[in-house]
Amino acid sequence: MSLKIATWNINSVRLRKPIVLRYLKSHGPDVLCLQETKCRDSEFPSSDLRAAGYQYLAINGQKGYHGVAIASRMPLADIDKHEFCNMGDARHISAKVIAGQREITVHNFYVPAGGDIADRELNPKFGHKLDFLDEMAEWMTAEKLAHRPSVLVGDLNIAPLEHDVWSHKALLKVVSHTPIEVERLKKVFEAGPWVDALRTKIPEDEKLYTWWSYRSADWESANKGRRLDHVWLSADLKSALADLDILKDARGWERPSDHVPVMISLND
DNA sequence: ATGGTTGCTTGGCAA
């Protein structure tokens, strides 16, 4: 039996409830990690998800902004929320998935977008993004994630590689692909036991996107995407990675998110 | 170079 773990920045879980349920039905992830749920825990569509077979929920929401959640068919234990940058933002939740004999810790992140200007003096939101990443690297070291099978997923709001964006040259100064952010993210990655799951299956010289802006009349033909959503596996899980599914079709669904679901399958 | 769209809410941020 394989274990399927998906991540999706949903940009309002209440508005997107129909397509979340559609995705669960059509693709059947065992675990779905959501970002940008944009609602309080009491407003989260818990009963709909439970009715769809996802009985185990871990929710870290807040009114109007951010918010992350894990919906699982398998029991969740050790649910934890870490607050970064002491700002009260709901940007992380983790849980241990009990999948039969296997136990895998899943960390679900929503990294700050960072505003429009790639300069922390002119734009505090960019500073916050860099500080968040620095704190994430420190936290990573302290967590000692190498000691147990772990998966880190989420909207990291950075497209690190040249072919994670439609034009490396055009985006070098655009927040999400600047060298300073890429460098910070690399430090986070290297602070843990990680393998970049998507890039182990899809070569680095191949274009790969998980997000297409709303601000484009025809996202599909323009295809100016970015890989902002990531799945990192602790090295011990690398050999278990059987399959990937980046559901580009979901960008064309009715009332879509600007991100698409990304799913991995792990063999025993 | 600029503006383009969407969501949470109804004015203006945030993404």
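Just so you know, these numbers use all the heavy atoms, side chains as well, and skip hydrogens, waters and symmetry mates. Below, read A as the first sequence line, B as the second, and so on, with proteins coming before strands; counting in each chain starts at 1.
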Discussion item. Less than 4.5 Å apart, side chain to side chain, heavy atoms only: is that true for A:Ile19 and A:Arg255?
Written reply: no
Item to complete: For the residue pair A:Val68 and A:Phe109, establish whether any side-chain heavy-atom pair is separated by less than 4.5 Å.
Response: no
Practice prompt. Assign A:Ser216 to base, sugar-phosphate, or nothing according to its heavy-atom contacts below 4.0 angstrom with the strands shown.
Written response: nothing
Worksheet item: When we call it a touch if two heavy atoms are under 4.0 Å apart, what does A:His66 touch: a base, just sugar-phosphate, or nothing?
Response: sugar-phosphate
d([atom1], [X]; [atom2], [N]) in whole Å:
| X | N | atom1 | atom2 | value |
| --- | --- | --- | --- | --- |
| A:Asp258 | B:dG4 | CG | P | 18 Å |
| A:Gln35 | B:dA14 | CD | P | 20 Å |
| A:His259 | B:dT5 | NE2 | P | 18 Å |
| A:Asp116 | B:dG3 | CG | P | 12 Å |
| A:Trp211 | B:dA15 | CH2 | P | 13 Å |
| A:Ile10 | B:dT6 | CD1 | P | 16 Å |
| A:Met87 | B:dA14 | CE | P | 10 Å |
| A:Glu254 | B:dT6 | CD | P | 13 Å |

Response to the item:
Residue pair A:Gly115/A:Arg255 against DNA chain B: nearer the 5' end by closest nucleotide is A:Arg255
Practice prompt. Please figure out whether A:Tyr110 or A:Ala217 has its closest DNA chain B nucleotide nearer the 5' end.
Written response: A:Ala217
Worksheet item: Between B:dA14, B:dC8, B:dT5, which one does the side chain of A:Lys38 approach most closely?
Response: B:dC8
Worksheet entry | Candidate nucleotides B:dA14, B:dT6, B:dA15, ranked by approach to the side chain of A:Tyr65 - the nearest | B:dA14
Looking at [N], I'd like to know if its phosphate oxygens (OP1 or OP2) sit under 4.0 Å from a side-chain N or O belonging to [X].
| X | N | answer |
| --- | --- | --- |
| A:Lys63 | B:dC8 | no |
| A:Arg16 | B:dG7 | yes |
| A:Arg215 | B:dA15 | no |
| A:Ser213 | B:dG4 | no |

Worksheet item: Does A:His82 have its ring centroid less than 6.0 Å away from the ring centroid of A:Phe84?
Response: yes
Practice prompt. Rounded to whole angstrom, note down the P distance from B:dG7 over to B:dG3.
Written response: 22 Å
Worksheet item: Roughly how far apart, to the nearest Å, are B:dT2 and B:dG12 at atom P?
Response: 23 Å
Worksheet item: Looking at A:Ile59, A:Ile10, A:Asn9, A:Thr7, which one forms a side chain to side chain contact (heavy atoms under 4.5 Å, CB included) with A:Leu34?
Response: A:Ile10
Discussion item. I'd like to know if the side chain of A:Glu138 pairs up with that of A:Thr141 as donor and acceptor (distance under 3.5 Å, no hydrogens or angles considered).
Written reply: no
